[in-house]
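Not measured: the values here are computed from a predicted model. Residue numbers run from 1 in the order of the sequence given. Both counts, for ligands and for their atoms, begin at 1 and track the order of listing.
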Amino acid sequence: CSKCHLSGRWKNDLGSTMSIGSVDSKGGFEGSYLTAVSSTNNTITESPLAGAQQLDDEPTVGFTVKWTFSKSMTVFTGQCFEDDNGNDVLETMWLLRSHAGERTDNWKATSVGRNIFTREL
Ligand SMILES: O=C(CCCC[C@@H]1SC[C@@H]2NC(=O)N[C@@H]21)Nc1ccc([N+](=O)[O-])cc1
């Protein structure tokens with residue numbers, strides 16, 4: 001099978017988990033994301049994700065999570081690599097957009113970070 005096909009369950013360095021469904025003929029996929037952390041006091045609930053991967057070995061990938069418990073949104077992008085032990089590692093960076101009450105608060109509404117995912121189960 002191709003190196004680093006994204007379908008399956010993943011866990012990142014924060015302890016968040018995600019499940020990616022089948023990848024269609026154009027590289028599209030859907031799934032769900034359960035974040036281990038949030039900057040809201042709301043109860044964390046599972047959130048839908050949608051994205052796409054290149055259909056090559058060690059593909060580039062992008063996906064968006066629309067949070068169900070907050071008005072915010074995160075886009076992840078990165079690449080899946082096979083490490084020296086033959087395990088898949090998904091290197092990503094993300095932009096987290098929080099909801100700004102007014103445009104004057106727009107400047108502080110986007111944060112950036114890095115997450116590394118490995119396969120779970
Ligand atoms: O809390 C949230 C929604 C959850 C974000 C989880 C982030 S996504 C990047 C990173 N990787 C993960 O696995 N988990 C974290 N949104 C939110 C709520 C409030 C505010 N705020 O500014 O008040 C900002 C963002």
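When each atom of ligand 1 is checked for a heavy atom of Asn115 under 4.0 Å away, the hits are 10 (C), 11 (N), 12 (C), 13 (O). Ligand 1 places these atoms under 4.0 Å from at least one heavy atom of Ser16: 12 (C), 13 (O), 14 (N). Distances below 4.0 Å separate heavy atoms of Ser38 from the following atoms of ligand 1: 1 (O). Taking every non-hydrogen atom of Tyr33 and a distance limit under 4.0 Å, the qualifying atoms of ligand 1 come out as 11 (N), 12 (C), 13 (O). Numbered from 1 in the order shown, with element, the atoms of ligand 1 that lie under 4.0 Å from a heavy atom of Ser98 read 20 (C), 22 (O), 24 (C), 25 (C). Near Phe69, meaning under 4.0 Å from any of its heavy atoms, are these atoms of ligand 1: 3 (C), 4 (C).
Of all protein heavy atoms, the one closest to atom 16 (N) of ligand 1 is Ser72 OG, 2.7 Å. The protein heavy-atom contact nearest to atom 25 (C) of ligand 1 is Ser39 OG, 3.3 Å.
With Asn115 as the fixed residue, the side-chain contact (heavy atoms from CB on, under 4.5 Å) test singles out one of Thr74, Leu90, Leu14: Leu14.
Heavy-atom separations between Ser70 and ligand 1 include at least one value shorter than 4.0 Å.
Taking only nitrogen or oxygen atoms, main chain and side chain alike, Thr74 does not reach within less than 3.5 Å of ligand 1. Between Thr35 and ligand 1, an N or O atom pair is found at a separation short of 3.5 Å.
Here the straight-line distance linking atom CG of Leu6 with atom CE of Met18 works out to 7.0 Å at 0.5 Å rounding. Residue Ser19 holds its OG atom at 11.0 Å from CG of Leu34, rounded to the nearest 0.5 Å.
A 6.0 Å sphere centred on CZ of Arg119 holds more than 12 heavy atoms belonging to other residues, nucleotides or ligands. Residue Glu30 places its CD atom among 12 or fewer non-hydrogen atoms of other residues, nucleotides or ligands, all under 6.0 Å distant.
At least one side-chain heavy atom of Lys66 sits less than 4.5 Å from a side-chain heavy atom of Met73.
By the criterion of a heavy-atom distance under 4.0 Å, both the backbone and the side chain of Val37 are placed next to ligand 1.
Side-chain N or O atoms of Glu58 include none that pairs as donor or acceptor with a backbone N or O of Cys4 at under 3.5 Å.
Using cut-offs of 30° and 60° for the angle between ring planes, the Phe76 and Phe63 rings count as parallel.
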